[in-house]
Amino acid sequence: MSAPRRAVVIGGGISGLASAALLAEEGYDVVLLEAREDVGGRAGEWRTDGYRFETGPSWYLMPEVFDHFFRLLGTTAAAELDLQRLDPGYRVVFEPRGDAPAEVVDVAASRAENLALAERLEPGSGPVLARYLDSARWVYDTAKRYFLYTTFQDLRPLLVRDVVRGLPRLVPMLTQSLHRYVTKRFHDRRLAQILQYPAVFLGSSPYATPGMYHLMSTLDLEGGVLYPRGGISAVIDAVRRQAEQRGVDIRTGTPAARILTGGTASSARPTVTGVRTADGETIPADLVVSTMDLEAAERTLLPPALRTHGADWWAKRTPGPSAVLVLLGVRGALPELLHHTLLFTADWHRNFDAVMPRHLPGPPLPDELSLYVCRPSASDDVAPDGHENLFVLVPVTADPGIGHGGVDGGGAPEVEAIADRAVDQIARWLDVPDLRDRIAVRRTIGPADFHDDLAAWRGTALGPAHTLAQSALFRAGNASTEVDGLLFAGGSTIPGIGLPMCLISAELVVKRLHGDTSAGPLTEPLVRR
């Protein structure tokens, strides 16, 4: 019998854990190296004084992608997670004008109710939204069938009748921004903002994201919003279980220091031979999958001659925004907030110009901020009795110079000032005047934390933005062009940003290994080859 194939996965975020589980299912002996003491990457958590805060993603989007991943491994999302439907799915609070209170709109969990909501906000828009959602569903289904689950090694599988016949519909969506695509159809500012905000999930601005991404609206306006009890941490735990059940050796607190390579008689390029850890151990490998942010992985783990993407390439890329995160433990109830609440300013353009400037330094943040508040204590046991747990996300420029966060106001002055403004804005817009006085626990996380703790390029909270030039086949690929046996996964590679995309990126590792250039997902369950 031949010796088992050996793989090292670098990074213990969801893409690393998923890659390790799939490779182990394929028959590899897998070692996963995670530099931090806990797995999860951006999807981390912090516990203190009876609170459990999540420090990263909080929306469970594209549920069928999670289910498909689990089905590849012979189980299901329903078996691994306790999924609850949120109804309403989320709340939107619009900037108050003058002495008038802020307007509050709750987005429902069904298409029919949301069509009625559109009609209330903009009479006559119900049928227009119905057509918009039909289009969103068609683009979403087309993307899953032909664009999300492909490595783009071979473009011929994309030249099929469905795609070619759909080009007259797709081209206008690619050549105009999401903002333009929406505002051509809807004139009420409130409705238009609800349809544009998903651009933020893509690490971009509705003014820079292609109209094709209106596909995101089918996820929340038709499918509703699900919440896995235990939060995204429960998802990370479920994926980790799949890896450990298959024998993956997960080593936390073990940074990778160098990807090792050697020559072979059959290849003109060097081939991976293993990974050296920061403490000097050499782990032999026939395959290395790096799920670190791509820029840091190549810059820190490979010599310049073996990097697919050098500094000049990265200088031409557009980062997604960073964020100031504010974790708050609050005494007393906050029924003014749902599980998910979005606060939208009237002047979005100014807000996005400040968050995603063309050059640094960008303009200052405006007085009023568009921000997101998660109140998981509305649905889960994440705070002491009689207290609330809040996660506040304020998008800011991808600039580590804004500083680190800290506990109890101990972060950089600019980070803490942004956090103060966000807390005061929530209190003012939602008429909770004593909010600041009720805060029992406070921690902030800033762009420098993303940069230093997660090796995030330019301190982005998500990764490279989903502009047209950084989507699909124009995004960084998942295989090194300089080193055989070195593959990549995660949000900075294909297919892109977000937990579902990271799960797909793990599946693309398997497809790349097999030279599988098909456009769709792998057959369930995974068949060892």
Open item on the list: Suppose we screen for ring-ring contact (aromatic ring centres under 6.0 Å, His included). Which residues come up paired with Trp313, at least two apart in sequence or across chains?
Closed with: His309

Open item on the list: Donor-acceptor pair, distance only, cut-off 3.5 Å: does the side chain of Lys511 make one with the backbone of Gly520?
Closed with: yes

TODO: Decide yes or no for Leu473 and Leu155: does some side-chain heavy atom of the first lie under 4.5 Å from some side-chain heavy atom of the second?
DONE: yes

TODO: Just grab all the salt bridge (Lys or Arg N to Asp or Glu O under 4.0 Å) pairs involving residues 167-186, residues at least two apart or on different chains.
DONE: none

TODO: Return each pair, listed once, that meets salt bridge (Lys or Arg N to Asp or Glu O under 4.0 Å) where at least one residue sits in residues 206-216; pairs must be two or more places apart or across chains.
DONE: none

Task: Within 6.0 Å of CG in Asp82, more than 12 heavy atoms from elsewhere - done: yes

- [ ] Ignoring hydrogens and angles, tell me if any N or O in the side chain of Ser370 forms a donor-acceptor pair with the backbone of Thr345 under 3.5 Å.
- [x] yes

Task: pair Leu302-Thr308: side-chain heavy atoms closer than 4.5 Å - done: no

Task: CG-OG distance between Asn478 and Ser290, expressed to the nearest 0.5 angstrom - done: 12.0 Å

- [ ] Using a 4.5 Å cut-off on heavy atoms from C-beta on, say whether the side chain of Val8 contacts that of Val272.
- [x] no

Task: Pairs touching residues 233-242 that satisfy salt bridge (Lys or Arg N to Asp or Glu O under 4.0 Å), sequence neighbours left out - done: Glu80-Arg241, Arg240-Glu244

Open item on the list: According to ring-ring contact (aromatic ring centres under 6.0 Å, His included), does anything in residues 443-476 pair up with another residue at least two apart or in another chain? List the pairs.
Closed with: Tyr213-His466, Trp314-Trp457

Task: Any donor-acceptor N/O pair, Gln470 side chain to Ala465 backbone, under 3.5 Å - done: yes

Task: Minimum side-chain heavy-atom gap Val382-Ser377 below 4.5 Å - done: yes

- [ ] Check side chain to side chain contact (heavy atoms under 4.5 Å, CB included) between Pro357 and all other residues, then give those that pass, not counting sequence neighbours.
- [x] Leu360, Pro363, Thr397

Task: Nearest atoms (heavy-atom pairs only) where Thr291 meets Ser15 - done: CB-OG, 3.4 Å

TODO: Tell me, please, which residues at least two apart from Phe391 pass ring-ring contact (aromatic ring centres under 6.0 Å, His included).
DONE: none

Open item on the list: Has Ser19 got a side-chain atom pairing as donor or acceptor with Gly16's backbone, closer than 3.5 angstrom?
Closed with: no

TODO: Measure the shortest side-chain to side-chain distance between Phe488 and Leu508 over non-hydrogen atoms and say whether it is less than 4.5 angstrom.
DONE: no

Task: Value rounded to 0.5 Å, distance of CG in Leu86 from CG in Leu226 - done: 7.5 Å

Task: Non-hydrogen side-chain atoms of Pro228 and Leu83 separated by less than 4.5 Å - done: yes

TODO: Could I get the full list of side chain to side chain contact (heavy atoms under 4.5 Å, CB included) partners for Arg91, not counting sequence neighbours?
DONE: Val93, Val104, Asp106, Leu338, Thr341

Open item on the list: I'd like to know if the side chain of Ser135 reaches the main chain of Arg131, judged simply by a donor and an acceptor atom lying under 3.5 Å from each other, with no hydrogens or angles considered.
Closed with: no

- [ ] Give a yes or no on whether a salt bridge exists between Arg458 and Asp293, defined as a side-chain N under 4.0 angstrom from a carboxylate O.
- [x] no

Open item on the list: Go through it in stages, so that I can follow the logic: the residues are Asp381 and Arg229, the test is salt bridge (Lys or Arg N to Asp or Glu O under 4.0 Å), and I'd like the CA-CA distance, side-chain angles, deciding distance and then a yes or no.
Closed with: CA-CA 9 Å; Asp381 299 325; Arg229 188 167 179 81; 3.0 Å; yes

TODO: Examine the side chains of Glu34 and Thr252 and answer whether a donor and an acceptor come within less than 3.5 Å of each other.
DONE: no

Open item on the list: Strictly below 4.0 Å, N to O, side chains only: are Glu54 and Arg52 in salt-bridge contact?
Closed with: yes

Task: Approximate separation, where rounding is to 0.5 Å, of Glu26 CD and Arg246 CZ - done: 11.5 Å

Task: All salt bridge (Lys or Arg N to Asp or Glu O under 4.0 Å) counterparts of Glu298, not counting sequence neighbours - done: none

TODO: Write down the atom of Leu526, the atom of Leu22, and the distance for their closest heavy-atom approach.
DONE: CD2-O, 3.9 Å

Open item on the list: Quick one: does any side-chain atom of Asp67 pair with a main-chain N or O of Ala77 as donor and acceptor, under 3.5 Å?
Closed with: yes

Open item on the list: Tell me whether Asp220 contacts the main-chain N or O of Gly89 through its side chain, where contact means a donor paired with an acceptor under 3.5 Å.
Closed with: no

Open item on the list: Please confirm whether the ring centroid of Tyr60 lies under 6.0 Å from the ring centroid of Phe66.
Closed with: yes

Task: Pairwise distance CG(Leu369) to CG(Leu343) - rounded to 0.5 angstrom - done: 9.5 Å

TODO: Could you walk me through whether Ser492 and Glu295 pass side chain to side chain donor-acceptor pair (under 3.5 Å), step by step?
DONE: CA-CA 8 Å; Ser492 48; Glu295 186 273 339; over 6 Å; no

Open item on the list: Give me the atom names and distance for the closest heavy-atom approach of Leu202 to Ile497.
Closed with: O-CD1, 3.5 Å

Open item on the list: Filter on ring-ring contact (aromatic ring centres under 6.0 Å, His included), then keep only pairs touching residues 146-170, sequence neighbours left out; what's left?
Closed with: His68-Tyr149

Task: Min side-chain heavy-atom separation Ser322-Asp399 under 4.5 Å - done: no

Task: Thr150 side-chain N/O to Ala519 backbone N/O, donor-acceptor pair under 3.5 Å - done: no

Task: Side chains of Asp353 and Tyr207 in contact at under 4.5 Å (non-hydrogen atoms) - done: no

Task: Shortest non-hydrogen separation from Asp516 to Gln153 and the atoms involved - done: O-OE1, 4.3 Å

- [ ] Answer yes or no: is there a donor N or O on one side and an acceptor on the other, between the side chain of Thr75 and the main chain of Arg71, under 3.5 Å?
- [x] no

TODO: Could you go through the side-chain contact (heavy atoms from CB on, under 4.5 Å) check for Val160 and Val163 one step at a time?
DONE: CA-CA 6 Å; Val160 295; Val163 175; 3.8 Å; yes

TODO: Taking all heavy atoms of Ser505 and all of Gly490, pick out the closest pair and write down the distance.
DONE: OG-N, 3.0 Å

Task: Reported CD1-to-CG distance for the pair Ile259 and Leu486, which is rounded to 0.5 angstrom - done: 4.5 Å

Open item on the list: Tell me if a side-chain donor or acceptor on Arg36 pairs with a main-chain N or O of Gly41 at a distance below 3.5 Å.
Closed with: yes

Open item on the list: The criterion is salt bridge (Lys or Arg N to Asp or Glu O under 4.0 Å); which residues satisfy it with Arg137, sequence neighbours excluded?
Closed with: Asp141, Glu222

Task: Between SG on residue Cys374 and NE2 on residue His340, distance to nearest 0.5 Å - done: 5.5 Å

Task: Minimum-distance pair of heavy atoms, taken over all atoms of Val392 and Ala422 - done: CG1-CB, 4.2 Å

TODO: For the residue pair Tyr372 and Trp59, categorise the inter-ring angle as parallel (less than 30°), tilted (30 to 60°) or perpendicular (more than 60°).
DONE: tilted

- [ ] Take Asp154 and Arg156 through the test salt bridge (Lys or Arg N to Asp or Glu O under 4.0 Å) and record every step on the way to the result.
- [x] CA-CA 6 Å; Asp154 186 346; Arg156 286 174 296 180; 2.7 Å; yes

Open item on the list: Listing request: all ring-ring contact (aromatic ring centres under 6.0 Å, His included) pairs with a residue in residues 489-521, at least two apart in sequence or in separate chains.
Closed with: none

